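One structure is given here, and the rest of the page talks about it.
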Number of protein chains: 2
Amino acid sequence: MTDPSTILRDHGLSVTAQRLAVLRAVAACPHGTADRIAEMVKSEIGSISKQAVYNALGTLVEKGVIRRIQPAGSPALFENRIGDNHHHLICRTCGKTVDIDCAVGKTPCLHASHHHGFHIEEVEVIYWGTCPECRPQD
Amino acid sequence: MTDPSTILRDHGLSVTAQRLAVLRAVAACPHGTADRIAEMVKSEIGSISKQAVYNALGTLVEKGVIRRIQPAGSPALFENRIGDNHHHLICRTCGKTVDIDCAVGKTPCLHASHHHGFHIEEVEVIYWGTCPECRPQD
DNA sequence: GTAAAAATATTGACTTATTCCATATTTTTT
DNA sequence: AAAAAATATGGAATAAGTCAATATTTTTAC
């Protein structure tokens, strides 16, 4: 678990209070929205502009420090668990999102049958369902 | 290939010129956005309101006549190929979207390793990559 | 086939998530 | 510490879609 400032520097980024706080918030709140992250940061360092949150999140995603997922019908979510090819299971009713290990094996867990000449970089898998709390009692 | 009016009736929907045209447009233009569909419909029947397009698409999705996919960073796309559990391969650069048969087998092709008590209804798989046209020549 | 009831379409305002831009501030470099 | 580079701020702007009231069309019942 490397020190946040070092993480930023190692990726060629300036170290700012905003970025550090955003990084901490993403770690503390997996699958949080930009809005949620912004609130967490505000309660930690007093204030941050909406734009700085988006900038920080965007840059961190770009540098591979965090990951962005964009489920249908939801604002983007951010998480700091990266590099393990895990997927997500999302409740259609309440939006609860949990991590799911790759169904098949390690890394590139799927191969398209016909790739149409595409160079495939990533496979995104989202499981949609209903969580225990939202399921009507049987 | 059932007649469009019959499809609508069979799903308990009134038959309107707008719905018929939207249905035809989705068939003619797989992976089209609501906007694209609207334009096609306009060029076919003269005019349609934005809302009617969204209503028709929404209702048709609800009734299982067409399918909606919502790739990250893109407006929703619609297609009439349904019921065969196929997936999508999308170019990160130009957005070109092609159908991909299920990688593993027929229907429910994936099973979450730990489902956290969720009732899983659907699995969405998107392959992200670069299409031949967008790939830098080697 | 027509009138009433139900469903759908239209228009236009509104919302949500996000980006753009110009200026101010902070961080890094020298 | 000063200059250069990078980042933050505030506010306007955008894209995709929804909401709500009214008008029109479609279906149902006679």
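Remember, predicted model here, so these are calculated numbers, not experimental data. We name chains A, B, ... by the order of the sequence lines, and we start the count at 1 in each one.
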Which of residues 39-65 of chain B sit near DNA chain D, with a heavy atom under 4.0 Å from it? B:Lys50, B:Gln51, B:Tyr54

Atom of B:Phe118, atom of A:Gly129 and distance for their closest heavy-atom approach: CD2-C, 4.5 Å

Where do B:Gly95 and B:Ile90 come nearest, in terms of heavy atoms and distance? O-CG2, 3.9 Å

Overall bend - the helix from C:dG1-D:dC30 to C:dT30-D:dA1, comparing terminal axes fitted on five pairs, nearest 10 degrees: 40°

For A:Arg81, salt bridge (charged side-chain N to carboxylate O under 4.0 Å, His left out) partners two or more places apart: A:Asp84, A:Asp99, A:Asp101

Under 4.5 Å side-chain linkage, directly or through intermediates, the cluster mates of B:Ile69: B:Leu77

Determine, step by step, whether A:Arg68 and A:Glu79 satisfy the salt bridge (Lys or Arg N to Asp or Glu O under 4.0 Å) criterion, reporting the C-alpha distance in whole Å, the side-chain angles of both residues, the deciding distance to 0.1 Å, and the verdict. CA-CA 7 Å; A:Arg68 172 197 280 130; A:Glu79 66 185 355; over 6 Å; no

When rounded to the nearest 0.5 angstrom, what distance separates CD in A:Gln70 from CD in B:Gln70? 11.0 Å

From A:Ile126 CD1 over to A:His87 NE2, what is the distance, rounded to the nearest 0.5 angstrom? 10.5 Å

Separation between CZ (A:Arg92) and SG (A:Cys134), nearest 0.5 Å, reads 13.0 Å

Taking any atom under 4.0 angstrom from a heavy atom of chain A, which nucleotides of DNA chain C are the first and last to qualify, 5' to 3'? C:dA17 to C:dT28

Residues passing the ring-ring contact (aromatic ring centres under 6.0 Å, His included) test with A:His31, sequence neighbours excluded, are A:His88

Residues two or more places apart in sequence or in another chain: which of them pass salt bridge (charged side-chain N to carboxylate O under 4.0 Å, His left out) with A:Glu124? none

Besides B:Leu8, the hydrophobic cluster formed by Ile, Leu, Val, Met, Phe, Trp and Tyr side chains linked at under 4.5 Å, directly or via other members, contains B:Ile7, B:Leu13, B:Val15, B:Leu20, B:Val22, B:Leu23, B:Val26, B:Ile37, B:Val41, B:Ile45, B:Ile48, B:Val53, B:Leu57, B:Leu60, B:Val61, B:Val65, B:Ile66, B:Phe78

Residue pairs involving residues 48-63 of chain B (criterion side-chain hydrogen bond (donor to acceptor under 3.5 Å, both in side chains); sequence neighbours excluded): B:Gln51-B:Asn55

Atom pairs, protein N/O to nucleotides 27-30 of chain D N/O, distance under 3.5 Å:
{"from": "D:dT27", "atom 1": "OP1", "to": "B:Val15", "atom 2": "N", "distance (Å)": "2.9"}

Enumerate the residues from residues 17-34 of chain A whose closest heavy atom to DNA chain D is under 4.0 Å, giving them by residue number; use none for an empty result. A:Gln18, A:Arg19

Does B:Val125 share a hydrophobic cluster with B:Ile100, counting links as ILVMFWY side-chain heavy atoms below 4.5 Å and allowing steps through other members? yes

Per the under-4.0 Å heavy-atom filter, residues of residues 70-79 of chain B near DNA chain D come out as B:Pro75, B:Ala76

On a heavy-atom basis, which atom in B:Ala28 and which in B:Met40 lie closest, and how many Å separate them? CB-CE, 4.0 Å

Show the nearest heavy-atom pair for residues A:Arg135 and B:Gly117, with the distance to one decimal. NH2-O, 2.9 Å

Scanning both residues in full, the closest heavy-atom pair of B:Cys29 with B:Arg36 reads SG-NH1, 3.0 Å

Taking all non-hydrogen atoms of both residues, which atom of B:Cys91 and which atom of B:Cys131 are closest, and how far apart? SG-N, 3.3 Å

